[in-house]
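Computation of the quantities below employed the complete heavy-atom set of this structure, encompassing side-chain atoms and omitting hydrogens, waters and symmetry-equivalent molecules. Below, read A as the first sequence line, B as the second, and so on, with proteins coming before strands; counting in each chain starts at 1.
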Amino acid sequence: MPELPEVETVCQGIKPALVGSKFLDVILNRSNLRWPLPSDMPKRLKFSLVKKVSRRGKYILIEMDNLNTLIIHLGMTGRIIIIKDELSQEDVGAFYHNTARNSKTLTKVWEKHDHVVFKFVNMKGKEQNLIYNDTRRFGAMDLVKSEAVLSHKWLRNLGPEPLSSEFSLKYLEKRLTRKKNTIKSALMSQEVVAGIGNIYASEILWKSRVSPLRLSDTLRRIEINRIIKETKNVLNNAILKGGSSLKDFRNTSGGIGYFQMHFSVYDREKESCKNKKCSNKIQRIIQSGRSSFFCNNCQH
DNA sequence: GAAATACCCTGTGGGC
DNA sequence: TGCCCACAGGGTATTT
């Protein structure tokens, strides 16, 4: 679910509130997500200032002025929500249905799956909460020395950023030769390229007119070139859509959520191919236990 | 050693 | 109506 564009949107969304803010406390409502949470996180984050918010693949990096960096992965259902400490009636209606609606001061009641709460004071002196909510708990967090971030076991084997010049025809051609897996698997492999998941892999291959069943080492140069270009197009377009929907979403609710993407093939089994010259229906197949969606007529 | 599969987890929706 | 099961999927551990 949260792939590169969604993670990028979350980063852009939390950046204005977070950079320059000071953490006051961290509340761990449980001791683990996918893996144990660092139990010393409250102690190590307390009273430190946020210097920088960035992204690497699907990981969010929050760099503090005390030389610590918080690494967050949203897994499948992880969400980050920023709310004011005291909520307006409007906020409550839009966001927190089980908040004490009738009390004079509206105090936040934790929702189910609010696993970690970061309390901070922003640059305007207002106290806010950054809430990490994750239904299926496939997400993860770690707090490491900033100098060691890129050598962290979660980050050290990541391939290049797909939107960087490093992700080029020359690079991908080299990575795909002698590979005996399918191009779908290769695109989803974070060691080949960072940030692409099951949804965008299907989207990119449909746009590139390459079948997800094709073996990586059988791709022609012209096809690899299309994959490079469409990867950048598809991800950039999704980030643009995320940015604009984020703005709308904030106007109504004051928080940050995922946007509704419209997909060309993903989750469109038995529906018509979106290529106007094609009358085929989209097929769904299972590859390595994951659904792939494609058009048998347009993709070869 | 590479590639495929199992597993973790919870909410949802279809079938009976 | 209610129960059961399949399914969704990122990343790691285990198996092939």
Side-chain angles (χ1 to χ4, degrees), chain A residues 1-11 29-37 55-61 71-80 97-98 110-116 131-142 144 149-159 161-162 174-205 212-219 231 235 238 257-258 260-261 263 265-271 282-294:
Chain A
M1 303 275 247
E3 301 181 27
L4 187 150
E6 290 78 18
V7 178
E8 180 62 31
T9 300
V10 169
C11 280
N29 287 332
R30 58 177 301 125
S31 65
N32 71 306
L33 296 170
R34 180 78 175 81
W35 294 288
L37 289 161
R55 179 191 59 73
R56 175 77 175 98
K58 298 174 194 172
Y59 293 89
I60 299 167
L61 308 175
I71 308 174
I72 301 176
H73 195 291
L74 299 171
M76 281 186 57
T77 53
R79 294 186 304 141
I80 286 176
H97 51 80
N98 68 348
W110 304 135
E111 295 257 300
K112 204 175 175 183
H113 310 306
D114 282 350
H115 303 308
V116 185
I131 298 168
Y132 180 85
N133 178 292
D134 188 352
T135 308
R136 290 177 213 176
R137 303 204 304 271
F138 276 19
M141 278 186 210
D142 204 1
V144 298
V149 170
L150 294 180
S151 55
H152 189 280
K153 61 182 173 186
W154 295 345
L155 303 182
R156 67 184 171 211
N157 293 323
L158 289 179
E161 285 292 320
K174 197 176 168 192
R175 285 304 300 251
L176 295 182
T177 50
R178 289 185 296 277
K179 267 229 175 276
K180 288 297 170 197
N181 62 357
T182 61
I183 182 62
K184 170 81 176 342
S185 294
L187 277 182
M188 284 181 67
S189 162
Q190 302 302 298
E191 296 184 23
V192 172
V193 56
I196 298 171
N198 198 45
I199 294 172
Y200 289 101
S202 278
E203 294 293 300
I204 289 163
L205 288 172
L213 292 162
R214 280 286 290 286
L215 294 178
S216 297
D217 65 354
T218 68
L219 290 181
T231 296
L235 297 179
Y258 294 128
Q260 207 60 47
M261 273 293 298
F263 298 114
V265 280
Y266 180 78
D267 207 19
R268 297 193 64 246
E269 186 183 16
K270 293 175 185 162
E271 292 179 39
I282 299 302
Q283 292 182 28
R284 183 174 82 105
I285 54 170
I286 304 295
Q287 294 181 285
S288 311
R290 300 277 188 267
S291 289
S292 294
F293 298 86
F294 74 112

* To do: Take the protein atom CD of A/Glu191 and the nucleotide atom P of C/dG10, then report the distance between them rounded to whole Å.
  => 16 Å
* chain A on DNA chain B: first and last contacting nucleotide, 5' to 3', under 4.0 Å to a heavy atom? -> B/dA3 to B/dG11
* Asked: Checking A/Asp142 side chain against A/Pro36 main chain: does a donor-acceptor pair fall under 3.5 Å?
  -> no
* Whole-Å distance between C/dA8 C1' and A/Asp134 CG? -> 14 Å
* To do: Grab the CG-P distance between A/Asp142 and C/dT12 for me, whole Å please.
  => 12 Å
* To do: Estimate the overall bend of the helix from B/dA2-C/dT16 to B/dC16-C/dG2 from the end axes over five pairs each, rounded to 10 degrees.
  => 60°
* Quick one: A/Tyr200 OH to C/dA8 P, roughly how many Å, whole number? -> 18 Å
* Between A/Glu161 and A/Arg56, is there a salt bridge with N-O shorter than 4.0 Å? -> yes
* Asked: When all nucleic acid strands are considered with a 4.0 Å heavy-atom cut-off, which category describes A/Arg284: base, sugar-phosphate, or nothing?
  -> sugar-phosphate
* Test item: side-chain donor near acceptor, A/Lys112 and A/Asn133, under 3.5 Å -> no
* **Residue mapping more 5' on DNA chain B - nearest nucleotide basis, A/Lys179 or A/Arg290** => A/Lys179
Produce the list of close N/O pairs, under 3.5 Å, pairing protein atoms with atoms of nucleotides 14-16 of chain C; give distances to one decimal.
none

* To do: Send over the distance from A/Ile71 CD1 to C/dG11 P, rounded to a whole Å.
  => 13 Å
* Asked: Under 30°, 30 to 60°, or over 60°: which ring-plane class applies to A/Tyr132 and A/His115, parallel, tilted or perpendicular?
  -> tilted
* So which one's nearest nucleotide on DNA chain B is more toward 5', A/Ser288 or A/Arg34? -> A/Ser288
* Could you state the NZ-C1' distance from A/Lys58 to C/dT12, rounded to the nearest angstrom? -> 13 Å
* **side-chain hydrogen bond (donor to acceptor under 3.5 Å, both in side chains) assessment of A/Asp217 paired with A/Thr177** => CA-CA 5 Å; A/Asp217 65 354; A/Thr177 50; over 6 Å; no
* To do: Kindly confirm whether the side-chain ring of A/Phe138 is stacked on the base of C/dG11, judged by centres under 5.5 Å and planes under 30°.
  => no
* Starting from C1' on C/dA8, measure out to CD on A/Glu6 and report it in whole angstrom. => 15 Å
* Asked: Strictly by modelled atom types, are A/Arg284 and A/Ser291 linked by a side-chain donor-acceptor pair under 3.5 Å?
  -> yes
* Atom CD1 of A/Ile286 to atom C1' of C/dA8: distance rounded to whole Å? -> 10 Å
